[in-house]
> 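Take a look at the following structure, please.
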Amino acid sequence: MERLDRQVDAYVSWKRDLIREITRYRSWLSHNRLNSDGVDARLDRALKLLRTDHITLAFVGEFSRGKTELINSLFFSEYGQRILPSRAGRTTMCPTELFFDPRATQAYIRLLPIESRLEETSIAQFKRTPQAWLNIPLHADDPQRLVEAFAQVASTKSMPVHQALQLGFQADALEASGVEGEVLVPAWRHALVNFDHPLLRQGLRVLDTPGLNALGSEPELTLSMLPNAQAVIFLLSADAGVTASDMEIWQQHIQQLDDGNRNRLFAVLNKIDVLWDDVAGESYVQTAIDRMQASTAKQLGIPVDGVLPLSAKQALLGKIRGDQALLERSRLTSLEQLLCERILAQKEQLLEQQVVRQVIALLQGSQQILTQRLGKVREQCELLDGHRQDNGQMLLELTARTRHDHNQHHKRLLQLKTNQRLLQRQGELLRATIRAERLDEHLTRLRRSLTGSLTTLGINLSILHFFRSVEQDLGALEQEAALANKMVSAIYRRHNEENPLHGADAPLFQLAPYQRELKGLQVKADQFRLQLKTLLTEQRTLTRRFFATLVQEVVAMHQRLRQEAEHWASEALLPLMQHSLEHKQQLEAHMLRLKGLAQDNQQSSQRGRLLARYSVELEQQLAQAGEMLRVLRRPAPIRRLGKVVAIG
């Protein structure tokens with residue numbers, strides 16, 4: 001994975017440069033007396049986003065499609081053997097996350113017992129409770145001990161059928177254990193693997209999922225983990241094509257994740273080595289692969305270039321043997337290229353939108369204020385040159401003029417602060433329509449209804465009513481948001497009329513993404529409650545599983561929406577406040593400088609030299625701002641290479 005390694009390294013270096021320049025900008029603001037609490041808070045969030053950012057690749061597919069073999073070939077070939085358990089049949093029995101945790105003192109595997117499904121606690125909540133997991137230390141310098149440790153992930157246990165049903169499994173999808181009336185189920189619900197690998201160290205995370213049975217019985221996978229992945233890699237087998245169970249996984253759990261953006265969903269047509277035929281020749285093999293690739297793309301409804309034919313087994317073998325020809329024939333490089341040019345490009349674009357553009361806008365505003373300050377100083381230098389015998393009278397006049405400008409800006413700042421208070425009151429109305437207590441009321445009503453319902457119809461109606469109630473709250477929020485957006489637009493319009501050189505677009509509160517997310521969760525709720533195996537599950541178990549999955553996602557969405565409403569109400573006028581405050585601070589600095597010069601007994605020429613020195617200092621500060629802007633505007637690594645793939 002040398003290409004991907006280089007590109008991820010370039011991506012991390014780019015983020016490091018952004019962090020350095022944003023930190024430098026904060027110091028620059030302080031030095032030039034242009035800092036404020038609002039800007040500090042925004043820069044803090046930008047830095048936090050950059051420092052906690054990571055890229056998640058999710059491998060999904062039915063069992064025996066080669067997901068784990070592909071992960072072995074991508075990340076563990078240097079050990080000269082398979083590290084993750086990969087053999088014929090079912091090997092990955094529980095979802096497995098691979099990542100690097102810099103805070104941990106040792107590599108480890110943490111395993112969550114399958115019985116935890118009987119509790120109302122989600123996997124995300126369990127992650128905050130280390131004592132709930134079995135911890136197995138990993139010894140990276142001992143491949144054999146690594147293999148033995150990873151083999152624990154594939155452990156199974158025997159239990160009665162009725163108990164397996166309570167855990168959410170489908171009995172007909174499980175293997176008999178050899179004990180009458182019992183079946184084999186995974187011993188573990190989830191696995192966390194902290195491992196020091198160059199790509200994982202750079203922030204790459206990998207999610208390896210089992211087949212259809214696990215996806216259907218662990219809704220948190222399809223409601224939270226897969227939607228949050230930057231790329232979902234759907235594994236198929238060239239010797240089987242798209243089977244009925246493959247299509248069921250695609251339609252039920254993956255297809256709807258595209259969100260209008262096909263660049264995060266693609267299929268890997270694995271095991272193309274079964275089509276290799278040295279007798280028929282390479283041309284015949286290529287035609288067969290092309291035909292299967294086109295057929296797969298048509299069945300899944302994705303572009304042909306979204307289907308990547310390769311052989312994970314031969315890629316692993318080629319890497320272990322150092323056989324470059326075999327590695328090339330395995331076509332693993334096509335996956336590497338796609339990861340570089342699509343997933344990383346998408347991630348770069350997201351950071352450019354969420355961080356870079358906002359910081360550039362702030363920096364440009366600060367640069368403009370300092371440019372105006374420099375213009376004032378140069379103007380004063382010229383006036384002093386023309387009135388060398390004024391005995392300080394001209395400086396006094398300049399001070400009076402500056403004080404008048406300062407008073408005007410002070411009045412504008414007071415007006416903006418009044419508008420800020422009005423907007424904050426409107427923000428309180430926004431938050432009141434979606435207050436946490438109101439959601440709790442909906443949840444209490446839903447819990448009571450689900451517990452008291454004796455029929456499938458009653459359960460269905462309870463779930464529908466819950467989503468309708470949340471949807472109505474968002475409808476009320478939409479009305480309040482429209483009033484708030486109207487207020488902000490009017491304030492910005494007035495500011496732009498008074499400051500034509502500092503025009504700015506009003507940042508409007510956007511509710512549509514949350515409405516789409518709620519609608520998507522409702523679709524998932526419909527699928528969840530209408531699945532036959534769910535409705536046949538013991539009712540109390542259904543209630544617990546529903547709250548541990550769908551409802552937790554609604555709660556998380558609700559919390560993010562409240563936070564955004566709060567941030568928006570406090571920051572919508574920040575660019576205008578920053579502009580006026582910086583201008584006011586600029587004029588105050590001028591008054592102090594001019595007052596000092598006017599009180600000085602030196603000659604006008606000496607005063608002129610002091611102003612000229614101040615002018616040089618401002619020029620240096622502006623040069624620093626220009627350098628910061630140059631670095632921030634530098635294209636992200638993928639765009640720099642000129643290999644951008646259009647991202648919707």
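Positions are given from 1, in the same order as the sequence printed here.
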> For Thr287 and Asp290, test the side chains for any donor-to-acceptor distance below 3.5 angstrom and give the result as yes or no.
no

> List the steps and the verdict of salt bridge (Lys or Arg N to Asp or Glu O under 4.0 Å) for Asp273 and Lys313.
CA-CA 9 Å; Asp273 49 300; Lys313 177 182 177 181; 5.4 Å; no

> Please tell me whether Arg291 and Thr296 have a donor and an acceptor in their side chains that are separated by less than 3.5 angstrom.
no

> Does the pair Glu471 and Lys519 meet the rule for a side-chain contact (heavy atoms from CB on, under 4.5 Å), with working shown?
CA-CA 9 Å; Glu471 192 175 9; Lys519 183 63 67 177; 3.6 Å; yes

> Between the main-chain N or O of Ala132 and the side-chain N or O of Thr129, is there a donor-acceptor pair closer than 3.5 Å?
no

> Can you list the residues that meet the side-chain contact (heavy atoms from CB on, under 4.5 Å) rule with Ala104, with sequence neighbours excluded?
Asp101, Tyr108, Asn194

> Are Glu97 and Arg205 close enough for a salt bridge, meaning some N to O gap below 4.0 Å?
yes

> Between Pro186 and Pro210, is any pair of side-chain heavy atoms under 4.5 Å apart?
no

> Do Leu327 and Thr333 come close enough that some side-chain heavy atom pair is under 4.5 Å?
no

> Mind checking what makes ring pair (Phe, Tyr, Trp, His ring centres under 6.0 Å) contact with Phe234, not counting sequence neighbours?
Trp250

> Evaluate the side-chain contact (heavy atoms from CB on, under 4.5 Å) criterion for residues Leu235 and Val60: first the C-alpha distance (whole Å), next the side-chain angles of each, then the deciding distance (0.1 Å), finally the verdict.
CA-CA 6 Å; Leu235 267 290; Val60 184; over 6 Å; no

> Gln152 versus Ile109: any side-chain heavy-atom pair under 4.5 Å?
no

> Would Ile71 and Phe59 satisfy side-chain contact (heavy atoms from CB on, under 4.5 Å), going step by step from the backbone distance to the final call?
CA-CA 9 Å; Ile71 294 173; Phe59 292 81; 3.9 Å; yes

> Are the side chains of Arg65 and Asn270 in touch, meaning some heavy atoms are under 4.5 Å apart?
no

> State whether the side chain of Trp133 and the backbone N or O of Pro113 hold a donor-acceptor pair below 3.5 Å, judged by distance alone.
no

> Could I get the full list of side-chain contact (heavy atoms from CB on, under 4.5 Å) partners for Ile19, not counting sequence neighbours?
Thr23, Leu47, Leu50, Arg51

> Answer yes or no: are there more than 12 heavy-atom neighbours, outside Gln353 itself, under 6.0 Å from its atom CD?
yes

> Does Lys347 reach the main-chain N or O of His54 with its side chain, forming a donor-acceptor pair under 3.5 Å?
yes

> Just checking, any donor-acceptor pair under 3.5 angstrom between side chains of Glu248 and Gln252?
yes

> Taking 4.0 angstrom as the limit, do Lys157 and Glu182 come out as a salt bridge?
no

> Taking NZ, NE, NH1 and NH2 as the nitrogens, is one of them in Arg560 or Glu517 under 4.0 Å from a carboxylate oxygen of the other?
yes

> So, Ser116 versus Arg189: side-chain donor-acceptor pair below 3.5 Å or not?
yes

> Checking Thr68 against Asp208: is there a side-chain donor and acceptor pair closer than 3.5 Å?
yes

> Report yes if some heavy atom in the side chain of Val206 is under 4.5 Å from a heavy atom in the side chain of Thr56; otherwise report no.
no

> Using a strict 4.0 Å threshold on nitrogen-to-oxygen distance, state whether Asp17 and Arg634 make a salt bridge.
yes

> Given Tyr11 and Ile55, is the side-chain contact (heavy atoms from CB on, under 4.5 Å) satisfied, shown in steps?
CA-CA 11 Å; Tyr11 173 75; Ile55 301 168; 3.8 Å; yes

> Are the charged groups of Lys15 and Asp53 less than 4.0 angstrom apart, N to O?
yes

> Do Leu236 and Leu300 come within less than 4.5 Å of each other through their side chains, counting heavy atoms only?
yes

